[in-house]
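Some notes on the structure that comes next.
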Amino acid sequence: MHYPLKRLLVFPLVMFGVSVFVFIAIRMVPGDAITAMLGTESGLLTPAQREALRAYFGLDQNWIIQFWHWLTGVVQGDLGLSTTFGKPVLRVILTHFPLTLELAILSMLIALGIGLPAGIFAAMRKDSAADLAVRVIVMIGQSTPNFVVGLLLIFVLSVGFGILPQMGTFVPFSEDPLRNLGQMILPALTLGTAFAAAVIRISRSAMLDILCEDYIRTARSKGIPRRRVIWCHALPNALIPVVTLSGVEFGYLLGGAVLVEQIFALPGLGRVVLDAILQRDYALVQGSVLFIAFNFMVINLLVDLAYAALDPRIRLDSN
């Protein structure tokens, strides 16, 4: 059976396992959903009103019945009703996901744009002063948390240059590209520079291994120009671990970089899920986690397919 088809057949089983886990986990969080939703006003409710609200959101039933109703709705494309927003969960997700997707794409572009050239540069100058400098930068980048980088960027720009980040109401790229990029560039730099350190380390290590292979020495002995050997023979094989790392990281970014979204006041999916957990918005948490898990599986499938494109020796069909 073809490999992608096999992976697609596994998707429902994984999604079911994720749904069971998140359904139980969110209900084990201490607190009452109605109280978290209404705050101090919940004390004004009569017992009959509270029970009516619980019945409206289906919280008066036992867990098994709640899960069955939610699962049958998911199969039909209905992820439930958000108690926080008063809207269908799917609509809430699709409203906030484009920001997270844009942030993830910009972060990946920055990380790969910095990490790949720097990793190749360091590998070509192994044990030199330049290689040592790159490795020191990598150590600093990987040991510094994202939120620290974000706060430092804000501090340096505001105190050192008198430039404040463009926060406030988020503006989509389609409405005002310049203002949108002004709002997104600092969060993207915060996430991208941290991930760039990992890309540098992986690409440098992979390139050093590839440069020691026999076919690289053969290509050099034939008189093929050094630049062509690097870019046409060594780089495609060295990209495989970078693709793996990028796929995993991109999946995490699509799940929402919660701390960075909090620091820069971005209404992304990660921030929405965090608020939903605090508000005991069961339907929104369940639907968001299921949506994130689905994205993660799709990205992993695309990464596996990219292996075959980079190296034809890799066969995705199994006998």
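Side-chain atoms are counted along with the backbone in the values below, which use heavy atoms only and exclude waters and symmetry mates.
Under the 4.5 Å side-chain contact rule for hydrophobic residues, F121 and V199 do not share a cluster. Under a hydrophobic clustering in which Ile, Leu, Val, Met, Phe, Trp and Tyr are joined whenever their side-chain heavy atoms come within less than 4.5 Å, directly or via other members, I292 and V20 fall into the same cluster. Hydrophobic clustering (side-chain heavy atoms under 4.5 Å, transitive across Ile, Leu, Val, Met, Phe, Trp, Tyr) keeps L208 apart from L116. Cluster membership check: M139 does not share its hydrophobic cluster with I114, using side-chain heavy-atom separations under 4.5 Å among Ile, Leu, Val, Met, Phe, Trp and Tyr. Taken together through direct or relayed side-chain contacts under 4.5 Å among Ile, Leu, Val, Met, Phe, Trp and Tyr, M108 and V138 form parts of separate hydrophobic clusters.
No more than 12 heavy-atom neighbours from other residues, nucleotides or ligands sit within 6.0 angstrom of CZ on R228. Counting non-hydrogen atoms of other residues, nucleotides and ligands closer than 6.0 Å to CZ of F11 gives a total above 12. Counting heavy-atom neighbours within 6.0 Å of L13 CG, excluding the residue itself, gives a total above 12.
You'll find the side chain of F294 stays beyond 4.5 Å of the side chain of L290, heavy atoms only. Inter-residue side-chain proximity for F250 and L101 is flagged as met; some heavy-atom pair is nearer than 4.5 Å. By the 4.5 Å heavy-atom criterion applied to side chains, R204 and D131 are counted as neighbours. You'll find the side chain of V272 reaches within 4.5 Å of the side chain of F85, heavy atoms only.
For the pair S205 (side chain) and R201 (backbone), a donor-acceptor distance under 3.5 Å is absent. Using a distance-only test at 3.5 Å, with no hydrogens or angles considered, a donor-acceptor pair links the side chain of S203 to the main chain of I200. With S246 contributing its side chain and V243 its backbone, the two residues share no donor-acceptor pair below 3.5 Å. With hydrogens and angles disregarded, a donor-acceptor distance shorter than 3.5 Å links the side chain of T100 to the backbone of L269.
When all heavy atoms are compared, the tightest approach of S107 to L253 is CB-CD1, 4.0 Å. Residues S82 and L284 approach most closely at OG-CD2, 3.9 Å, considering heavy atoms. Between G247 and V303, the closest heavy-atom pair is CA-CG2, 3.6 Å. Considering every non-hydrogen atom in both P187 and L266, the closest pair reads CG-CD1, 3.6 Å. Scanning all heavy atoms of the two residues, the minimum distance from V74 to L79 falls at CG2-CD2, 3.7 Å. Between F67 and F23, the shortest heavy-atom distance links the atoms N-CZ, 3.4 Å.
Interatomic distance, I210 CD1 to I240 CD1, rounded to the nearest 0.5 Å: 7.5 Å. The distance from the CG atom of L71 to the CD atom of Q76 is 10.0 Å, given to the nearest 0.5 Å. Distance check: K126 NZ to L132 CG gives 14.0 Å after rounding to the nearest 0.5 Å. With values rounded to the nearest 0.5 angstrom, L189 atom CG is found 4.0 Å from I110 atom CD1. Between the CG atom in D281 and the CG atom in L81 there is a gap of 8.5 Å [rounded to 0.5 Å]. One finds the CZ atom of F264 at 12.5 Å from the CZ atom of R271 (value rounded to the nearest 0.5 Å).
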- Output, in order, the C-alpha distance, side-chain angles, deciding distance and verdict of side chain to side chain contact (heavy atoms under 4.5 Å, CB included) for N180 and E102. CA-CA 10 Å; N180 173 270; E102 181 185 356; 2.3 Å; yes
Stepwise side chain to side chain contact (heavy atoms under 4.5 Å, CB included) test for F97 and F291: CA-CA 10 Å; F97 181 67; F291 181 77; 3.5 Å; yes
Inset, instruction - Show your reasoning for whether ring-ring contact (aromatic ring centres under 6.0 Å, His included) applies to F296 and Y252. - result: CA-CA 8 Å; F296 213 106; Y252 284 129; 5.4 Å; yes
* Asked: How far apart are the C-alpha atoms of L274 and Q262, what are their side-chain angles, what is the distance that settles it, and do they pass the side chain to side chain contact (heavy atoms under 4.5 Å, CB included) test?
  -> CA-CA 10 Å; L274 177 61; Q262 285 285 97; 4.3 Å; yes
